[in-house]
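The chains referred to below are lettered A, B, ... by the order of the sequence lines, with proteins before strands, and numbering in each begins at 1.
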Protein chains: 2
Amino acid sequence: MPAPQRVTPERLVAAVREIAERDGLDAVTMSAVAAAVGVRAPSLYKRAANRHALLRLAADDATRELLDEMRAAAVGSPRHALAAAARALRAFAARCPRATSLVFSAPGPDAGPSAAAMAPAMAFLLDAVHPLSPDDPLSAARTLTAWAYGFCTMEQNGAFRQGGDVDAAFERGLAAVLRGLRT
Amino acid sequence: MPAPQRVTPERLVAAVREIAERDGLDAVTMSAVAAAVGVRAPSLYKRAANRHALLRLAADDATRELLDEMRAAAVGSPRHALAAAARALRAFAARCPRATSLVFSAPGPDAGPSAAAMAPAMAFLLDAVHPLSPDDPLSAARTLTAWAYGFCTMEQNGAFRQGGDVDAAFERGLAAVLRGLRT
DNA sequence: GTCTATAGCATGATAGAC
DNA sequence: GTCTATCATGCTATAGAC
């Protein structure tokens, strides 16, 4: 039996994501990640060409995880499925805010999700939105995504300081966007 | 007549914003800003307590500028005024992407706009959205802002790689959100 | 208000031994 | 694959002279 690798890909991506959520994306440094997986910084360069490649590992992983959760949630009528997918996104963003920002607005193109990781997510979204806006599903998908991502980002950044019920605002916004999309 | 200050507040904030737009928020360092205004780094600590305070100067300035432009654009019927304000936001975000992210999701609460700078912007928005959603203007304002900010962020981060007409997607999304908000 | 000088630290990345 | 050692660079922030 082969000697077990000290740094498996799973452990590596888990370490990156954990550091990112706990200390922020800037804290994902070669040495911090190395320490988390129990090696020295130079050894990491055998696994990832540089810091951004490390972030991309996390971005791809998070993209897959988010897609899984949206898929699992999206059942029922087209409208209901879309609403459930949006709520799944919000739940994911609440649980993994840094990973979410990595998926939607990474610090540089090489740190964001690869095209291969994004493709299935886009396909799922277009599929889900098609019944509501068969004439222009791409615009509709962008509208829904932009709203949901913007809402979650602002929520996490404390942009909603006016008080009020943020959960209710999410549900009202979701209803409004879905209402507006129907053509 | 008093000797003119080498570092006026105007020059300082202009330097911060220029560096931020040109090289990114991370490039706004004490020494970079100092060099831009023609002094040494330690001298800056007389003007701002630390790096985040420097960013807040830019955030407050950008907030005022954005509000001015939205105000100037928001004429006509309530619906038309809101659409124009949203387009003004998109234009501002295209011109000053880093400042925009500073306004809506700064890297830390002390780097974002001060409450004093935010208040008039919130008031304007609530006022503008009130005719459409008199029963819950706060949720409506959040929905519109979240969508517009999310759209602009994703646009700038190259999240719309599927091609298609992004301008048209913006207009369609805007129409959909405004349609959905009317109660 | 500005300067020089410096402390103190973290970073990304590489060379070469094992 | 991993290590030690190291380079070169950058940063925030402070002390104290002028």
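Each of dT2(C), dG12(C), dG1(D) was ranked by its minimum atom distance to the side chain of Y45(A); first place goes to dG12(C). Considering only the side chain of M30(B), dT12(D) comes nearest among dT12(D), dG1(D), dC3(C). Nearest nucleotide to the side chain of K46(A), out of dC11(D), dT2(D), dT2(C): dT2(D). Here the side chain of V7(B) is nearest to one of dC3(D), dT2(C), dT12(D), namely dT2(C). Of the candidates dT12(D), dC3(C), dA15(C), the closest approach to any side-chain atom of P42(A) belongs to dA15(C).
Contact between the side-chain N/O atoms of R47(A) and the OP1/OP2 oxygens of dT2(D) is found at a separation under 4.0 Å. In this structure, R40(A) does not reach the dC3(D) phosphate: none of its side-chain N or O atoms is under 4.0 Å from OP1 or OP2. The side chain of S31(A) contributes an N or O atom lying less than 4.0 Å from OP1 or OP2 of dT11(C). S43(A) has no side-chain polar atom (N or O) that falls below the 4.0 Å cut-off from OP1 or OP2 of dG1(D).
In this structure, R51(B) atom CZ and dA10(C) atom C1' are separated by 14 Å, rounded to whole Å. Across the protein-nucleic acid pair, D26(B) atom CG and dT11(C) atom P stand 14 Å apart, rounded to whole Å. For the pair H52(A) NE2 and dT11(C) P, the computed distance is 15 Å after rounding to whole Å.
Between D61(A) and the choices V13(A), L102(A), L12(A), the side chain to side chain contact (heavy atoms under 4.5 Å, CB included) rule is met once, by V13(A).
Ring centroid separation for the pair F151(B) and F160(B) comes in under the 6.0 Å cut-off. Between W147(B) and Y149(A), the ring centre distance reaches or exceeds 6.0 Å.
Partners of D136(B) by side-chain hydrogen bond (donor to acceptor under 3.5 Å, both in side chains), not counting sequence neighbours, listed by chain and number: R172(A), S139(B).
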